[in-house]
2 protein chains.
Amino acid sequence: MTTDTRERQAIRRSSNVPAYNQLAEILEQQIAALTDEERTRALPSEGDLSRQYGLSRITVRQALKTLEAKGLVYSAQGRGSFPTMPRVKGISGFHSFTSEVRRNGQEPSTRILATTEVDGLPKSVTEKLSVTEDENSPQVHLRRLRLIDGVPIAVEDAWLPKALFPDLAPADFNDGSLYALLADRWGLEPAWTDALIEPDRASPEVSKLLNIETDDPVLVAWRVTVTAEDKVFERVRSIYRPGFSLRVARYRLG
Amino acid sequence: MTTDTRERQAIRRSSNVPAYNQLAEILEQQIAALTDEERTRALPSEGDLSRQYGLSRITVRQALKTLEAKGLVYSAQGRGSFPTMPRVKGISGFHSFTSEVRRNGQEPSTRILATTEVDGLPKSVTEKLSVTEDENSPQVHLRRLRLIDGVPIAVEDAWLPKALFPDLAPADFNDGSLYALLADRWGLEPAWTDALIEPDRASPEVSKLLNIETDDPVLVAWRVTVTAEDKVFERVRSIYRPGFSLRVARYRLG
DNA sequence: GTTGACAGGTTGTTATGACATGCTAATGTC
DNA sequence: GACATTAGCATGTCATAACAACCTGTCAAC
């Protein structure tokens with residue numbers, strides 16, 4: 001008496017989530033659970049998936065394209081579609097700090113150092129991140145200390161445009177992931193980031209916060225994050241302590 | 001007497017280049033020439049493009065999807081498709097050094113410091129870039145000094161797997177872009193990169209090469225580059241001089 | 001003047017179908 | 001046994017079609 005313990009997940013046609021996104025999510029979960037050995041084998045063919053889930057081939061291809069854009073699979077004509085190999089581990093400075101660190105099995109924490117409202121961006125920011133649009137528009141400025149397992153990792157200055165987040169109050173920053181809050185309340189999510197990364201020496205102020213020596217080598221990242229519709233989500237300057245590695249995974253070339 | 005000076009480029013149906021790639025290239029050129037002002041206006045609608053170029057809407061959408069994956073445009077339901085704004089300038093450490101610097105209007109040069117063949121990767125590399133596959137396979141090791149306008153910018157150690165590039169000889173490294181050579185001779189192109197970036201102090205050896213002081217803060221990038229079919233193309237460790245900014249443009253989140 | 005309904009245009013989703021192109025393994029021939 | 005051929009299967013490209021969802025400007029009603 002053998003029963004297939006893998007209950008095949010079905011596509012809910014009545015859902016407002018598109019079928020190809022549902023399929024992409026199912027496949028993403030399955031792929032994430034694969035071992036290195038299993039990753040060398042092809043995924044089910046487009047025809048198989050089409051039959052199994054009752055979708056047209058165009059919808060199946062759309063799901064695979066989604067995963068390909070994320071760098072999770074690749075397709076080879078005549079052979080099939082295959083999972084890709086993960087190449088680096090570590091914490092990315094670009095995604096949500098909270099969830100990234102947690103996924104890594106470590107405990108993130110954040111200490112808010114200051115929250116103010118300002119009428120424009122500092123010159124240092126506009127110089128690094130060629131700002132043309134909302135240079136002089138009101139911003140919420142947020143200074144945070146990021147810690148992993150209690151160890152200070154980075155000093156972060158973030159500027160969020162008030163135009164995009166009406167009624168954003170300093171009190172909102174107190175707990176949890178800022179990204180999660182912004183997604184909940186304004187339905188906005190970061191989709192792309194542009195960054196400049198450079199080496200520097202720790203200033204006396206920063207070295208005290210990070211508990212390192214003045215003039216220790218630090219990594220400075222300037223970045224601007226935009227939504228899928230290319231609206232500026234936030235601008236951030238992060239200063240990372242020595243010994244910390246910034247992960248840039250699955251960066252598309254060409 | 002008004003003549004339309006813009007000769008509309010046509011799609012060559014006999015070409016072996018897919019129609020959607022031809023259209024994507026045409027649009028990419030047109031977008032690159034736009035001013036910030038013009039970027040706020042929508043592109044021609046999918047229906048317009050379909051009629052103008054004699055393509056089905058599915059093919060037009062495929063072209064737009066290509067540009068969207070590159071971060072050059074975005075689409076908004078009910079409104080249209082729009083170009084995105086470029087946010088950062090500078091030189092990326094991830095693409096071809098030669099062409100990146102040239103596009104920036106500066107003069108790149110490279111001095112080869114050493115080329116050897118080795119039987120495996122150094123432990124420092126395998127530690128940083130969780131290598132599972134070809135750890136002990138033969139590699140060509142290449143040590144280069146990168147210069148911009150005659151100023152030394154970075155010391156680069158690259159390891160290329162011999163399995164992927166049969167007959168790769170040290171003499172091949174002498175001139176021009178390495179990437180161009182690899183594309184010409186083996187038809188292989190880098191598609192993705194995974195990287196770790198960390199701050200460090202310049203060693204005596206590196207400081208001499210970069211013409212800086214020992215213990216100056218430098219930026220160290222470890223990266224592995226793979227082809228579209230997820231085959232390891234090269235592994236590189238780059239050490240950048242102080243004052244140099246590494247650009248990470250259009251990095252996809254989520 | 002403000003509001004609301006609506007028309008028209010735009011992208012989003014999904015289906016079916018056809019043929020091209022490339023890879024692999026089985027088959028057949030020598 | 002070695003090698004060429006081929007059938008079958010995989011993804012790639014492109015077309016037509018229909019409807020859903022969404023946005024904007026117009027115009028009428030209040």
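Atom set for the values below is all heavy atoms of this structure, side chains included, hydrogens, waters and symmetry mates excluded. In what follows, chains are A, B, ... by sequence order, proteins preceding strands, each numbered from 1.
Note: CG (A:L23) to P (C:dT13) measures 14 Å, nearest angstrom. If you measure from atom CG of A:N16 to atom P of D:dC22, you get 9 Å, rounded to the nearest angstrom.
Atoms CZ and CG, on A:F173 and A:L181 in that order, are 8.0 Å from each other to the nearest 0.5 Å.
No side-chain donor from either of B:Q77 and B:S75 sits under 3.5 Å from a side-chain acceptor of the other.
Geometrically, A:R235 does not engage A:W159 in a cation-pi contact, judged by NZ or CZ lying under 6.0 Å from the ring centre and within 45° of the ring axis.
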| message | Within the 4.0 Å limit for protein heavy atoms, which parts of nucleotides 4-14 of chain D are touched? Write it as a string from 5' to 3', B for base, S for sugar-phosphate only, - for none. | response | ------BBBBS
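Residues A:D194 and A:R223 are not paired through a salt bridge, judged by the lack of any N-O separation under 4.0 Å between the basic side chain and the carboxylate. Salt-bridge check for A:R185 with A:D172: passed, with a basic side-chain N closer than 4.0 Å to an acidic carboxylate O.
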